[in-house]
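Numbering starts at 1 and runs along the sequence shown.
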Amino acid sequence: MSDELSRVPSSRWWNDWVLVSLSIALHALAFPPWDQPLAAWVALAPLLLALRQKAPARAFLLGFVWGTGSIWAQGYWVPLGIAYYYDQT
């Protein structure tokens with residue numbers, strides 16, 4: 001019976017991805033150019049809800065997606081800045 005309770009119904013597999021996406025968006029809002037520091041206080045809550053009672057492999061996948069998405073959402077300007085810097089004469 002406990003095995004049945006720990007499994008997520010297949011009709012709700014997308015809930016984890018929605019929660020991870022929401023967490024990425026909130027985390028990105030806390031940094032420039034949006035500068036909404038209050039978002040940082042709640043940004044990890046959706047991620048932690050998505051990770052609750054997950055198998056280690058599933059939790060790793062969700063965490064990896066969150067980390068990659070956060071870097072993309074916050075660091076999109078880094079390649080542009082490097083290209084601008086080296087394009088100067």
Side-chain angles (χ1 to χ4, degrees):
M1 173 131 179
S2 64
D3 191 33
E4 291 177 27
L5 294 176
S6 65
R7 281 192 285 166
V8 175
S10 61
S11 64
R12 295 192 178 192
W13 62 268
W14 53 270
N15 281 350
D16 294 339
W17 301 109
V18 170
L19 288 170
V20 169
S21 299
L22 177 63
S23 182
I24 291 169
L26 288 171
H27 197 253
L29 282 175
F31 294 95
W34 301 284
D35 287 326
Q36 301 297 321
L38 294 177
W41 288 99
V42 295
L44 293 179
L47 175 66
L48 295 175
L49 285 173
L51 294 177
R52 187 177 53 180
Q53 297 180 348
K54 295 296 185 284
R58 178 76 169 177
F60 175 80
L61 176 64
L62 292 171
F64 182 80
V65 168
W66 185 88
T68 304
S70 291
I71 292 298
W72 284 349
Q74 297 165 26
Y76 68 91
W77 58 271
V78 174
L80 300 173
I82 292 172
Y84 177 79
Y85 177 80
Y86 285 108
D87 194 34
Q88 295 179 6
T89 57

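In the hydrophobic clustering of this structure, F64 does not group with W72; members are Ile, Leu, Val, Met, Phe, Trp, Tyr whose side-chain heavy atoms approach within less than 4.5 Å, directly or through other members. F31 and I71 fall into different hydrophobic clusters, defined by Ile, Leu, Val, Met, Phe, Trp and Tyr side-chain heavy atoms under 4.5 Å apart, directly or through other members. A single hydrophobic cluster is seen to contain both L62 and W66, as judged by linkage of ILVMFWY side chains at heavy-atom distances under 4.5 Å, directly or through other members.
Few gaps surround CH2 on W17; more than 12 heavy atoms of other groups in view lie less than 6.0 Å from it. Applying the 6.0 Å contact sphere to OH of Y76 captures more than 12 heavy atoms from other residues, nucleotides or ligands. Heavy atoms from other residues, nucleotides or ligands lying under 6.0 Å from CG of L44 number more than 12.
K54 places a side-chain heavy atom less than 4.5 Å from the side chain of D16. Between L47 and V20, the closest side-chain pair of non-hydrogen atoms falls below 4.5 Å.
Only one option out of I24, L51, L26 pairs with P46 in a side chain to side chain contact (heavy atoms under 4.5 Å, CB included); it is L26.
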Side-chain donor/acceptor pairs under 3.5 Å, residues 32-41, sequence neighbours excluded:
| residue | atom | partner | partner atom | Å |
| --- | --- | --- | --- | --- |
| Q36 | NE2 | W34 | O | 3.2 |

